[in-house]
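Since the structure comes first, as structure tokens, the remarks are kept for the end.
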Amino acid sequence: MEENTTTKDTLIKKYGFNDADFEQISAMNISLDKIAGELLLFTSGIPKITLEKPATLNDGIVKLSHEEFQKYADFFDANKDSLKLKKFVPASGAASRMFKFLNEFLNEFDQENETINAYINRKKDKNLPVFLAGIEKFPFFEIIKSKVKELTPDYYSLESHEKSYLFIKTMLSPDYFNFSNKPKGVLEFHKYESHISTPVEEHLNECAFYASSKSISHLHFTVSDHHENLFQTIIDTVKQKVENKSQTKIHIKYSHQDKSTDTIAVKANNEPFRNDDGRLVFRPGGHGALINNLNNLDADIVFIKNIDNVIQNHIQEITLYKKGLAGVLLQFQNQIFNILNTIENNTFEENDIPKIIDFLKKKLNIDIVDDFDKYTLNNKIEFIKNKLNRPIRVCGMVKNEGEPGGGPFWVRSYKGNVSLQIVESSQVEVSNKEQSTILAKATHFNPVDLVCGIKNFKGIKFNLTQFIDHSTGFIVHKNNKGNDLKGYELPGLWNGAMAKWITVFVEVPLITFNPVKTVNDLLKPAHQPQNGN
């Protein structure tokens, strides 16, 4: 890697970098300019996004009837055999947040001097009673209970609260099940009559239902390198069964978050944070780093869905809406490609411009410059080509029911352009009354339900890194062994990393959104056996 001498001098003089630092950086394949840019961001701050208004039904969000969804799904089915489809599942995150309240219980419960009920009252803990009341409904109940009995000779003489304590301790202990340190994807989520399934297996099932063409399906997991074997073990066990049942051959690949996307951490005073042996501390760049993984896929259409958003029931209904979104994408893509082909082949008609501009504004939510009518014909054509020759995403949106996370908004850039974006609350200046009012008026929520077209009208893959808004990252506050630090997270995969894509939002029903953010979510109907399952 060539080093920018000026940048290196700046890092030495301003931040005290030394030879060991540069060796560490080189080994991670990170450019000095990238590090200097991140350090500058900590000092200057990241500008907040300017919300224009929430995206609402018929103003940024398309509402389709059940019949219309079926029509689009049929259109997708009629055209999919000429396409290479992939399903892309970010799956590297550990399940620590799922079990956060249970880890707090183990750390703070005074086993010698209080009961669990006393702890619940003392801490005003609302989650633990729900967990304990539904404990027998968890798919992993029997296997953990069996281990507790094996480890506890006097099990049957224990009080119920003592058994509950041992259950939680065994479930989270690194010596036994270690649930909170494993990735969500490999945990037991659903109990069927014949077996217990994990999110990995459920994603294989879904893949065969809606992301297959010519009886072939491609599934891609992004995983931590040290967890890949856990995924592979499950896949070795269940893949053949899913393939036989669905009559679909499933090809599975993995990728890891590239270490070169890690970002430097700083102390509160913005000096580089170092660990006990003096080495610089780097943190993963967040899910925005996965735009590189997505960029490496060879596919016409990519379905993106989070690892924990799976369902035990209603897979046919989920399939309808996923295929419907893909059908919407294909129809828009056909219209876009037709326009770009007429430009490419010099068969573009000037009389078509008003109709095309109407399509850009009303269907693709593309902002048209005020003085467009004054452009020369060549400049009008260049404008249209520039706006349309981009990757496209159709994103399902669900009605806002108070879930934490991002939502759909009309956003105004510093240049004055307005576009549709998925925005996280941390990107907004909530101390600004006008901005916080707009944020509060959001009617819909982002469930991470995307269908993406990543090739151009010539069938050539876009370089997705060219469509990132680099000004939309996040500064986060974290802790390292008791010491506060600040980290930088890259523009989110479906936030700033896709900011310059063509974006269409479509309302989908709540049934399509069943994430497992805490272990208690597994008690909801979508994750419990029904109709003899």
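Both backbone and side-chain heavy atoms feed into the values below; hydrogens, waters and symmetry mates do not.
- Looking only at side-chain heavy atoms (C-beta outward), Leu230 and Pro183 come within less than 4.5 Å of each other.
- Annotation: Ile143, atom CD1; neighbour count of heavy atoms from other residues, nucleotides and ligands within 6.0 Å does not exceed 12.
- Under the rule for a ring-ring contact (aromatic ring centres under 6.0 Å, His included), His203 has no partner lying at least two apart in sequence or in another chain.
- A donor-acceptor contact shorter than 3.5 Å links the side chain of Ser246 to the backbone of Val242.
- The salt bridge (Lys or Arg N to Asp or Glu O under 4.0 Å) contacts involving residues 105-123 comprise Glu108-Lys123, Glu114-Arg122, where partners must be two or more places apart or lie in separate chains.
- Lys239 has no carboxylate O lying under 4.0 Å from a charged side-chain N of Glu201, or vice versa, which leaves the two without a salt bridge.
- Residues forming a salt bridge (Lys or Arg N to Asp or Glu O under 4.0 Å) with Lys145 (at least two apart in sequence, or on another chain): none.
- Closest non-hydrogen pair, Pro272 versus Ile264, comes out as CB-CD1, 4.4 Å.
- Qualifying salt bridge (Lys or Arg N to Asp or Glu O under 4.0 Å) partners for Lys147, counting only residues two or more places apart in sequence or in other chains: Glu150.
- Using a 4.5 Å cut-off on side-chain heavy atoms (C-beta onward), Ile116 and Phe105 make contact.
- For Lys322, the salt bridge (Lys or Arg N to Asp or Glu O under 4.0 Å) partners are Asp449, not counting sequence neighbours.
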Worked verdict on Lys259 versus Asp225 for salt bridge (Lys or Arg N to Asp or Glu O under 4.0 Å): CA-CA 11 Å; Lys259 291 297 288 181; Asp225 50 2; over 6 Å; no

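- Remark: the Asn495 side chain and the Glu424 side chain contain an N/O donor-acceptor pair separated by less than 3.5 Å.
- Side chain of Glu429 to backbone of Ile49: no donor-acceptor contact under 3.5 angstrom is found.
- Phe131 meets the ring-ring contact (aromatic ring centres under 6.0 Å, His included) test with Phe138; sequence neighbours excluded.
- Residues satisfying the side chain to side chain donor-acceptor pair (under 3.5 Å) test with Thr465, not counting sequence neighbours, are Asn463.
- Lys500 and Asp469 are not joined by a salt bridge, as no carboxylate oxygen comes within less than 4.0 angstrom of a charged side-chain nitrogen.
- The shortest non-hydrogen separation linking Arg393 to Leu420 is NH2-O, 4.2 Å.
- Between Phe179 and Phe140, the ring center distance clears the sub-6.0 Å criterion.
- In this structure, the side chain of Asn18 engages the main chain of Asp21 through a donor-acceptor pair within 3.5 Å.
- When atom types are taken as modelled, the side chain of Thr261 and the backbone of Asp258 share a donor-acceptor pair closer than 3.5 angstrom.
- In this structure, Ser224 contributes its side chain and His226 its backbone to no donor-acceptor pair below 3.5 Å.
- The main-chain N or O of Gln435 is found under 3.5 Å from a side-chain atom of Asn432 such that the two form a donor-acceptor pair.
- Using a 3.5 Å distance cut-off with no hydrogens or angles, the side chains of Glu202 and Ser197 do pair a donor with an acceptor.
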Run the side-chain hydrogen bond (donor to acceptor under 3.5 Å, both in side chains) check on Thr443 and Asn400 step by step: do they pass? CA-CA 5 Å; Thr443 60; Asn400 193 339; over 6 Å; no

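- Every residue was checked against the side chain to side chain donor-acceptor pair (under 3.5 Å) condition with Asn292, not counting sequence neighbours, and none meets it.
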Would you please test Leu450 and Val394 for side chain to side chain contact (heavy atoms under 4.5 Å, CB included) and show each step? CA-CA 6 Å; Leu450 289 77; Val394 175; over 6 Å; no

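- Under a 3.5 Å cut-off, the side chain of His527 and the backbone N or O of Asn514 do form a donor-acceptor pair.
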Report the C-alpha distance between His66 and Phe69 in whole Å, list the side-chain angles of each, state the deciding distance to 0.1 Å, and finish with yes or no for ring pair (Phe, Tyr, Trp, His ring centres under 6.0 Å). CA-CA 5 Å; His66 185 274; Phe69 263 111; 8.0 Å; no

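- For Lys53, the salt bridge (Lys or Arg N to Asp or Glu O under 4.0 Å) criterion is met by Asp59, not counting sequence neighbours.
- Pairs passing the salt bridge (Lys or Arg N to Asp or Glu O under 4.0 Å) check and including a residue from residues 157-179, sequence neighbours excluded, do not occur.
- A salt bridge does not link Asp308 with Arg97: every distance from a Lys NZ or Arg NE/NH1/NH2 to an Asp or Glu carboxylate oxygen is 4.0 Å or more.
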Before you tell me yes or no, could you show the steps for Leu294 and Val302 under side chain to side chain contact (heavy atoms under 4.5 Å, CB included), namely the whole-Å CA-CA distance, both residues' side-chain angles and the distance that decides it to 0.1 Å? CA-CA 9 Å; Leu294 186 62; Val302 181; 3.9 Å; yes

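- Judged by distance alone, the side chain of Glu507 and the main-chain N or O of Val398 form no donor-acceptor pair under 3.5 Å.
- The heavy-atom pair separating Asn446 from Trp494 by the smallest distance is ND2-CD1, 3.3 Å.
- In this model, a donor atom of one side chain and an acceptor atom of the other lie less than 3.5 Å apart for Gln421 and Ser419.
- Separation of atoms CZ (Arg279) and CD (Glu23) is listed at 9.5 Å; rounding is to 0.5 Å.
- With 3.5 Å as the limit, one finds no donor-acceptor pair spanning the side chains of His256 and Thr222.
- Remark: the backbone N or O of Val508 is not paired with any side-chain donor or acceptor of Thr512 at under 3.5 angstrom.
- A distance-only check finds a donor-acceptor pair linking the side chain of Asp521 to the backbone of Lys517 [under 3.5 Å].
- Side chains of Asn270 and Lys486: a donor on one and an acceptor on the other come within 3.5 Å.
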Tell me, with the steps shown, if Phe303 and Tyr210 meet ring pair (Phe, Tyr, Trp, His ring centres under 6.0 Å). CA-CA 9 Å; Phe303 295 86; Tyr210 61 73; 5.2 Å; yes

Please report the C-alpha distance between Ser260 and Met28 in whole Å, then the side-chain angles of each, then the deciding distance to 0.1 Å, and finally whether the side chain to side chain contact (heavy atoms under 4.5 Å, CB included) criterion is met. CA-CA 6 Å; Ser260 68; Met28 295 179 71; over 6 Å; no

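- Heavy atoms only, all atoms of each residue included: Gly185 and Pro199 are closest at O-CD, 3.3 Å.
- Closest of all the heavy-atom pairs between Val506 and Leu64 is CG1-CD1, 3.9 Å.
- Among residues two or more places apart in sequence or in another chain, the ring-ring contact (aromatic ring centres under 6.0 Å, His included) test is passed with Phe221 by Phe231.
- Residue pairs meeting the side-chain hydrogen bond (donor to acceptor under 3.5 Å, both in side chains) criterion with at least one partner in residues 125-138, sequence neighbours excluded, are absent.
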Step by step, work out the side chain to side chain contact (heavy atoms under 4.5 Å, CB included) result for Met498 and Ile304. CA-CA 13 Å; Met498 295 182 177; Ile304 301 180; 3.9 Å; yes

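- Remark: the Asn181 side chain and the Asn178 side chain contain an N/O donor-acceptor pair separated by less than 3.5 Å.
- The shortest heavy-atom contact between Cys207 and Ser217 is SG-OG, 2.7 Å.
- More than 12 heavy-atom neighbours from other residues, nucleotides or ligands sit within 6.0 angstrom of NZ on Lys34.
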